Novice: 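Once you've had a glance at the structure underneath, I'll fire off some questions.
So that the names make sense, note that chain A is the first sequence line, chain B the second, and so on, each numbered from 1. Treat the numbers as computed from the prediction; the structure is a model and nothing was measured.
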2 protein chains.
Amino acid sequence: MSKCEQCIVREFSSLKALTKAELLKLSECKTSHVIKKGEVIFEEGEHVNGIYCIKDGICKLTKLSANGKDHIVKLVTKGELLGQRSMISEEPVNLSAVALEDMQVCFIPKSDMMGFFDHNNHFSMNVMKTICGNLKEADDHTVNLAQKTVKERLAETLLYLHNTFGKNEDDSLKVQLSRDELASMIGTATESCIRLLSDFKKLDLIELNGKKIILKDINKLKKIAD
Amino acid sequence: MSKCEQCIVREFSSLKALTKAELLKLSECKTSHVIKKGEVIFEEGEHVNGIYCIKDGICKLTKLSANGKDHIVKLVTKGELLGQRSMISEEPVNLSAVALEDMQVCFIPKSDMMGFFDHNNHFSMNVMKTICGNLKEADDHTVNLAQKTVKERLAETLLYLHNTFGKNEDDSLKVQLSRDELASMIGTATESCIRLLSDFKKLDLIELNGKKIILKDINKLKKIAD
DNA sequence: GCTTATATATGATAATTATCATATTTTAGT
DNA sequence: ACTAAAATATGATAATTATCATATATAAGC
């Protein structure tokens, strides 16, 4: 059982507000898990009796739409927590979480979590601020989806992936999404997404190498994204 | 100065968790305001040093998109609170609030609000749950916008207006939005919105009478909305 | 390493949606 | 009540996006 006190990712989430005593308790109540790429952490509608702290890796949060397609609502990476909303609302999760690469996560039972929540005001305030931040992002995202064209959304999403998750040594985007996943992030048909990527490639804005995508002209992409 | 203790709308928001003593204090610190149709309650980017409790009327929350159009993110009506997210995040508001009809609102300064927040756990938990509910709604909304056609979104929005805000004695929708506003809710061009409304009318799904809209075939609209 | 399945790519075409033009109706201001 | 301005409506057309078909490339399983 690893020590939460020594875990660096703690610093990036609301958990940084926990006291030393609380961190010791956390080390005891948490369970560590390895999740393989493609595996489901939890599924829409499930009761998740706690939250997950992502120690390493990236996952997608998806929601099944009325037409039967999965839509990727957001990507979540190390340092962030999963399942906070549902824990506080005391409701099933409304999104599914699926690993995009191998992950290490810690599960913290709801009862322990709520204990910290009730006794450490600083911590609960942090959680609250995080959720408020999520809400703001969600509203911004909504407006982008509603008002921008598919091309603009693709450019914006590529830049987002670049800025948020960075790149490998060969300059390719660190998060590797399939064309299908990329399409389901920007809300378009897979073929349309592929076609626009080809267009961007022809315009020398990006370079395609299998699943690898390299952004070659960030400024022009920014102009397209608006 | 009216008594918050006797105010019915209190029952519909997080404020219902306040104690009698807190309600008395609330009566003293709040200020009442009448907002005329079309007037702005607050504007995107502003520092709103408190929250608004809607006693009567409906307003729209909008966000300016990159293309210069206002997008209506959501509608808020009596019983609900405005500005909670921004108060907790300690950030400027990210949305503008504009009255769709004459309104009565009460403004509660941040300092008093945060006092209740710190000392009444039941109340802060209620606020939190409300915000979590908003986040869930926002995610659902995002998926709808991304995956549905304009026609489906229009049908869905009409049903939403019907279910959420009800109808007048003549069966017309209580919230009266201009075609432009309706378009900016579903994320389409005004002309497209008008055209689809005309189509719905020809199919006998709705009746149009100036700004008044009457839903005539709710089941068929549901089928279109999915 | 070969075979099958899956992902990516591209063409052809249809459907959806936006834009521009213009007519008509409604609303607002004097 | 009259005029100007704004909102609604509709046609014509262009642009965007989806769908279906099919080819090629890549990955997965044995």
Side-chain angles (χ1 to χ4, degrees), chain A residues 36-38 65-71 100-101 144-158 172-173 176-203 206-214 224-226, chain B residues 36-39 65-72 100-101 144-158 172-173 176-203 206-214 224-226:
Chain A
K36 292 265 169 202
K37 179 177 174 172
S65 76
N67 62 30
K69 283 190 207 165
D70 264 328
H71 181 81
L100 288 176
E101 46 184 55
N144 277 335
L145 275 172
Q147 302 282 347
K148 288 189 175 176
T149 64
V150 175
K151 191 193 283 184
E152 289 167 347
R153 267 140 57 195
L154 175 59
E156 189 182 41
T157 302
L158 291 175
S172 65
L173 294 180
Q176 281 200 17
L177 297 171
S178 68
R179 304 293 189 263
D180 194 53
E181 286 171 326
L182 197 50
S184 101
M185 262 191 96
I186 66 183
T188 190
T190 309
E191 297 96 320
S192 300
C193 175
I194 291 174
R195 229 178 283 272
L196 285 170
L197 282 173
S198 298
D199 290 352
F200 283 3
K201 184 183 174 181
K202 276 172 202 145
L203 293 169
I206 61 173
E207 203 179 304
L208 296 174
N209 237 313
K211 256 196 196 23
K212 296 194 172 188
I213 301 176
I214 299 177
I224 291 174
D226 250 355
Chain B
K36 292 265 172 203
K37 179 177 174 172
E39 279 180 6
S65 75
N67 62 29
K69 283 190 208 166
D70 265 328
H71 180 81
I72 298 184
L100 287 177
E101 46 184 55
N144 277 334
L145 274 172
Q147 302 283 346
K148 288 188 177 178
T149 64
V150 176
K151 191 192 283 184
E152 290 167 347
R153 268 139 59 195
L154 175 58
E156 189 182 40
T157 302
L158 291 175
S172 64
L173 294 180
Q176 281 199 17
L177 297 172
S178 69
R179 303 292 188 262
D180 195 52
E181 286 170 325
L182 197 49
S184 102
M185 261 191 96
I186 65 182
T188 191
T190 310
E191 297 96 321
S192 300
C193 175
I194 291 173
R195 230 178 282 273
L196 285 170
L197 282 173
S198 297
D199 291 350
F200 282 3
K201 184 182 174 180
K202 276 172 202 145
L203 292 170
I206 62 173
E207 203 179 304
L208 296 173
N209 237 315
K211 254 195 198 23
K212 295 195 174 189
I213 300 176
I214 298 177
I224 291 174
D226 251 356

Novice: Only counting residues at least two apart or in another chain, list the ones meeting salt bridge (charged side-chain N to carboxylate O under 4.0 Å, His left out) with B:K211.
Specialist: none
Novice: NZ of A:K69 versus P of D:dT17: gap in Å, rounded?
Specialist: 14 Å
Novice: Which whole-number value in Å describes the distance from B:K151 NZ to D:dA18 P?
Specialist: 16 Å
Novice: Could you state the CG-P distance from B:L208 to D:dA7, rounded to the nearest angstrom?
Specialist: 18 Å
Novice: Which of residues 187-195 of chain A sit near DNA chain D, with a heavy atom under 4.0 Å from it?
Specialist: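 Correct list: A:T188, A:A189, A:E191, A:S192, A:R195.
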Novice: Report the distance from atom CG of A:N209 to atom P of C:dA9, rounded to the nearest whole Å.
Specialist: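 About 10 Å, once rounded to whole Å.
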Novice: For A:A146, check side chain to side chain contact (heavy atoms under 4.5 Å, CB included) against everything at least two apart and list the hits.
Specialist: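 Counting only residues at least two positions away or on another chain, A:A146 forms a side chain to side chain contact (heavy atoms under 4.5 Å, CB included) with B:H71, B:L145.
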Novice: Provide, to the nearest angstrom, the distance between the CG atom belonging to A:D199 and the P atom belonging to D:dA15.
Specialist: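 Nearest whole value for this atom pair: 15 Å.
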Novice: Rounded off to whole Å, could you give me the CD1-to-P distance for the B:I213 and D:dT8 pair?
Specialist: 9 Å
Novice: May I ask you to decide if A:I186's main-chain N or O and A:R153's side chain share a donor-acceptor pair within less than 3.5 Å?
Specialist: yes
Novice: Which atom pair, heavy atoms only, marks the closest approach of A:L158 to A:L197?
Specialist: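 It is CD1-CD2, 4.3 Å.
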Novice: Nearest heavy-atom pair of A:E207 and A:N209: which atoms, and what distance?
Specialist: OE2-ND2, 4.0 Å
Novice: Taking CZ from B:R153 and C1' from D:dT17, how many angstroms apart are they, rounded to a whole number?
Specialist: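 My rounded result for the distance is 12 Å.
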Novice: B:E156: what forms a salt bridge (charged side-chain N to carboxylate O under 4.0 Å, His left out) with it, not counting sequence neighbours?
Specialist: B:K148
Novice: What's the spacing between B:S172 OG and B:I213 CD1 if we round to 0.5 Å?
Specialist: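 Those atoms lie 9.0 Å apart.
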Novice: Determine yes or no for a side-chain-to-main-chain donor-acceptor pair under 3.5 angstrom, with A:N67 supplying the side chain and B:Q147 the backbone.
Specialist: yes
Novice: For nucleotides 23-30 of chain D, just jot down a letter per nucleotide in 5' to 3' order: B, S or -, based on protein non-hydrogen atoms under 4.0 Å.
Specialist: --------
Novice: Once rounded to the nearest 0.5 Å, what's the spacing between atom CD1 of B:I206 and atom CD1 of B:I214?
Specialist: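 Those atoms lie 10.0 Å apart.
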Novice: Compute the bend angle of the helix from C:dG1-D:dC30 to C:dT30-D:dA1 from the end axes (five pairs per end), rounded to 10°.
Specialist: 60°
Novice: Out of B:L196, B:I72, B:T157, which residue meets the side chain to side chain contact (heavy atoms under 4.5 Å, CB included) rule with B:L182?
Specialist: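 For B:L182, the side chain to side chain contact (heavy atoms under 4.5 Å, CB included) test succeeds with only one of B:L196, B:I72, B:T157, which is B:T157.
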Novice: Closest heavy-atom contact between B:R179 and B:C193?
Specialist: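 Reported closest heavy-atom pair: O-SG, 3.7 Å.
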Novice: Taking atom P of C:dA7 as reference, at what distance in whole Å does atom CG of A:L182 sit?
Specialist: 15 Å
